[in-house]
Amino acid sequence: MSETLSTVSRPYPHHRVLFVDHASVLGGAELSLLDLAIAYRETSQVLLFDDGPFREKLEAVGVDVQILKAPSALLAIRASGGLSTLKVFPALWSMARQIKARSRDFDLIHANSQKAFVAAALARWMGAPPVVWHLRDIMTASHFSRLNRELAIALANSQASQVIVNSQATGEAFVAAGGKPDKVRVVYNGVSAQPFEQVTSEQIQQIRDELQLDEDTPLVGSFSRLSYWKGQHVLLEALRELPQVHAMIVGKALFGEDDYATQLRTSATSPDLSGRIHWLGFRNDIPTLMKACTIVAHTSTEPEPFGRVIVEGQLAQRPVIAMKAGGAKELIEDGVTGRLVPPNQAIALGQAINDIIESSDGGHILAQQGYHHAVEQFSLETLLTRFHHVLSEVVEPAMQT
Ligand code: UDP
Ligand code: GLC
């Protein structure tokens, strides 16, 4: 993770990047941007539409962050990525003008979210430097309205120099929605193994003690924000049939899905679950918490674009169960580096949990194979090399014109 980026060698000159993100919460898109922003902090800046914990995290590691003046119409939108109404266009125009004004000394603009991209694309149209859209969402009707998709795709095709996608699945959905295939560059996220390797057995024991669980009690961990499509309810359903298994639910509602969080907590008070579901809220000690678990479960009901949590579970050397859809299929080979089960099927999930618990090695081989796969395929070095390569494709031709 971020603390270890200084150990990543960067044998290339830095581009001057203006990173733009609409959110200032700590979602996976922001935690992934943190890694990039740290690597480019000597030459670059981050612009956010809102103030919040992401700004604090960036500043704490010496990244130059500026908060734009976002009209309330834009901040009031509750969806994580999209734009819900036409009313926000004047607000986006205002953001575009601010981005344009601040982009003068940069080689390119990197837009880390859909809202940021729409504003950056308008800024490009006004004469700002080249724009790269880092698309981290699967552009389907489940997450984005038709207007949203059509607008973003039209702007991508006309204004974006490249569209970086976080998995093949994200790229395929972009093309299926009308995006130009020649703009797409796959750059998988990278996650450092180091914070996972620094976790001590005392820290793990402390978590187990706090939860009052002995070392033989199976504990399944969920580490996603609380949101219907992250599917924590599927895990709760699965555990109803596994009375010996406990669950650790880590994360909170980040994008206004508090009703879902309340429903989840209520459903966990039923007699068949009561006392077995441990609610930890948002935490910053994910490596320790994962290592305190027997299994890491990632239960999205919709195709997951990438799923940092899956790679983190592998780095924690725990068997990971994820859903057979989207980018997760690029992170796990079923039965080799983890388990994949059909989405939305609590029975299949319960069976996979039970299979691991009952197996002679308790999932040790799956966990080890997952760990080696994650270290080899999803390192920060690979991320930064690929990212630099994509930026070079954009910046160097632009410099020659
Ligand atoms: N995370 C965290 N604290 C929490 C819950 C989650 O730091 O309490 C982190 C988690 O470790 C992961 C990220 O949030 O790095 C979630 O990213 P992912 O790509 O899995 O999903 P997203 O929320 O972006 O869709
Ligand atoms: C988005 C996606 C998630 C991905 C993250 C980082 O938040 O939902 O799957 O891991 O971006 O790219």
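In what follows, residues are counted from 1 in the order of the sequence shown.
Contact of the Tyr371 side chain with the Arg318 side chain is not registered, since no non-hydrogen atoms from C-beta on lie closer than 4.5 Å. Residues Thr299 and Leu349 have side chains in contact (heavy-atom distance under 4.5 Å, counting atoms from C-beta outward). Between Phe196 and Glu312 there is a side-chain heavy-atom pair separated by less than 4.5 Å. When side chains are defined from C-beta on, Lys57 counts as touching Asn284, because their heavy atoms get closer than 4.5 Å. The closest side-chain heavy-atom distance from Glu304 to Thr170 is not below 4.5 Å. For the pair Phe223 and His298, the minimum side-chain heavy-atom distance is 4.5 Å or more. Taking the side chain as every heavy atom from C-beta outward, Asp334 and Val341 never approach each other to under 4.5 Å. Phe306 places none of its side-chain heavy atoms less than 4.5 Å from the side chain of Arg136.
Side chain of Gln232 to backbone of Ser224: a donor-acceptor contact under 3.5 angstrom is found. Counting only distance, with no hydrogens or angles, the side chain of Arg339 and the backbone of Val336 share no donor-acceptor pair below 3.5 Å. The main-chain N or O of Val61 is found under 3.5 Å from a side-chain atom of Arg41 such that the two form a donor-acceptor pair. Formation of a donor-acceptor pair under 3.5 Å by the Ser359 side chain with backbone atoms of Gly362 is found in this model. Thr262 places a side-chain N or O within donor-acceptor distance of the main-chain N or O of Asp258, the cut-off being under 3.5 Å. Ser379 contributes no side-chain N or O that, together with a main-chain N or O of Val375, makes up a donor-acceptor pair within less than 3.5 Å. Proximity of a side-chain donor or acceptor of Asp107 to a complementary backbone N or O of Val395 within less than 3.5 Å is not detected.
To the nearest 0.5 angstrom, Phe144 atom CZ is 5.5 Å from Met139 atom CE. Taking CZ of Arg208 as the start and CD of Gln203 as the end, the distance is 15.0 Å to the nearest 0.5 Å. Atoms CG and OG, on Leu48 and Ser24 in that order, are 5.0 Å from each other to the nearest 0.5 Å. Taking CD of Gln377 as the reference point, atom CG of Leu383 lies at 13.5 Å (rounded to 0.5 Å). Residue Gln98 holds its CD atom at 9.0 Å from CG of Leu47, rounded to the nearest 0.5 Å. Considering CE of Met248 and CG of Leu235, their distance stands at 12.0 Å, rounded to 0.5 Å.
The shortest heavy-atom contact between Gly179 and Ile153 is N-CG2, 3.5 Å. Nearest heavy-atom pair across Leu213 and Thr217 is CD2-CG2, 4.0 Å. Contact between Gly370 and Gln314 at its shortest, heavy atoms only, is O-CB, 3.4 Å. For the residue pair Gln244 and Pro218, the shortest heavy atom distance occurs at O-CD, 3.6 Å. Smallest separation of non-hydrogen atoms from Gly178 and Asn157: O-ND2, 3.0 Å. When all heavy atoms are compared, the tightest approach of Ser267 to Arg240 is O-NH2, 3.6 Å.
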Self-check item: Derivation and outcome, side chain to side chain donor-acceptor pair (under 3.5 Å), residues Thr382 and Thr385
Solution: CA-CA 5 Å; Thr382 303; Thr385 304; over 6 Å; no
Exercise. Tell me, with the steps shown, if Leu366 and Ile356 meet side-chain contact (heavy atoms from CB on, under 4.5 Å).
Key: CA-CA 9 Å; Leu366 276 184; Ile356 291 175; 4.2 Å; yes
Practice problem: Please report the C-alpha distance between Met95 and Phe49 in whole Å, then the side-chain angles of each, then the deciding distance to 0.1 Å, and finally whether the side-chain contact (heavy atoms from CB on, under 4.5 Å) criterion is met. | Solution: CA-CA 8 Å; Met95 305 314 282; Phe49 290 9; 3.5 Å; yes
Self-check item: Candidate pair Asp355 and Gln351, rule side chain to side chain donor-acceptor pair (under 3.5 Å), full reasoning
Solution: CA-CA 6 Å; Asp355 287 351; Gln351 186 66 56; 3.0 Å; yes
Quiz prompt | Residue pair Gln45, Gln66: steps toward the side-chain contact (heavy atoms from CB on, under 4.5 Å) verdict | solution = CA-CA 8 Å; Gln45 187 180 72; Gln66 303 291 322; 3.4 Å; yes
Self-check item: Test side-chain contact (heavy atoms from CB on, under 4.5 Å) applied to Asn148 and Val118, step by step
Solution: CA-CA 10 Å; Asn148 256 238; Val118 172; over 6 Å; no
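Within a 6.0 Å sphere centred on CD1 of Ile347, other residues, nucleotides and ligands contribute 12 heavy atoms or fewer. Within 6.0 Å of CD1 in Ile365 there are 12 or fewer heavy atoms belonging to other residues, nucleotides or ligands.
The aromatic rings of His233 and Tyr228 sit parallel, their planes meeting at an angle under 30°, below the 60° perpendicular limit. Taking the six-membered ring where the residue is Trp, His388 and His15 present parallel rings, their angle staying beneath 30° rather than reaching 60°.
Residue pairs meeting the side chain to side chain donor-acceptor pair (under 3.5 Å) criterion with at least one member in residues 320-333, sequence neighbours excluded: Tyr188-Glu330. Pairs passing the salt bridge (Lys or Arg N to Asp or Glu O under 4.0 Å) check and including a residue from residues 147-164, sequence neighbours excluded, read Arg146-Glu150.
Counted by atom type alone, Thr269 and Thr266 present zero donor-acceptor pairs between their side chains at under 3.5 Å. Checking His110 against Tyr40 by side-chain atom types alone, no donor-acceptor pair falls below 3.5 Å. Between the side chains of Gln159 and Arg124, not a single donor N or O lies within less than 3.5 Å of an accepting N or O. Judged by distance alone, the side chains of Gln369 and Thr337 never bring a donor and an acceptor atom under 3.5 Å apart.
Comment: Glu257 does not engage Lys230 in a salt bridge, judged by the lack of any side-chain N to carboxylate O separation of less than 4.0 angstrom.
Not counting sequence neighbours, the partners of Pro129 by the side chain to side chain contact (heavy atoms under 4.5 Å, CB included) test are Ser103, Ile109.
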Can you give me every donor-acceptor pair (side chain of residues 286-297, partner residue at least two apart or in another chain, under 3.5 Å) with its distance?
from   : atom 1 : to     : atom 2 : distance (Å)
Thr294 : OG1    : Leu219 : N      : 2.7
Thr294 : OG1    : Leu219 : O      : 3.4

Identify each donor-acceptor pair in which a side-chain atom of residues 275-283 lies under 3.5 Å from a protein atom, sequence neighbours left out, and give them as a table.
from   : atom 1 : to     : atom 2 : distance (Å)
Arg276 : NH1    : Leu239 : O      : 3.2
Arg276 : NH1    : Leu242 : O      : 2.8
Arg276 : NH1    : Val245 : O      : 2.7
Arg276 : NH2    : Leu239 : O      : 2.9
Arg276 : NH2    : Asp272 : O      : 2.5
His278 : NE2    : His246 : ND1    : 2.8
Arg283 : NE     : Asp285 : OD1    : 3.0
Arg283 : NH2    : Asp285 : OD2    : 2.8

List the atom pairs, with distances to 0.1 Å, where a side-chain N or O of residues 27-34 and a protein N or O form a donor-acceptor pair under 3.5 Å, not counting sequence neighbours.
from  : atom 1 : to     : atom 2 : distance (Å)
Glu30 : OE1    : Gly27  : N      : 3.3
Ser32 : OG     : Gly28  : O      : 2.8
Ser32 : OG     : Asn189 : OD1    : 3.3
Ser32 : OG     : Arg308 : NH1    : 2.9

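Partner His134 forms a side-chain contact (heavy atoms from CB on, under 4.5 Å) with one of Phe387, Phe19, Phe117 and no other, that one being Phe387.
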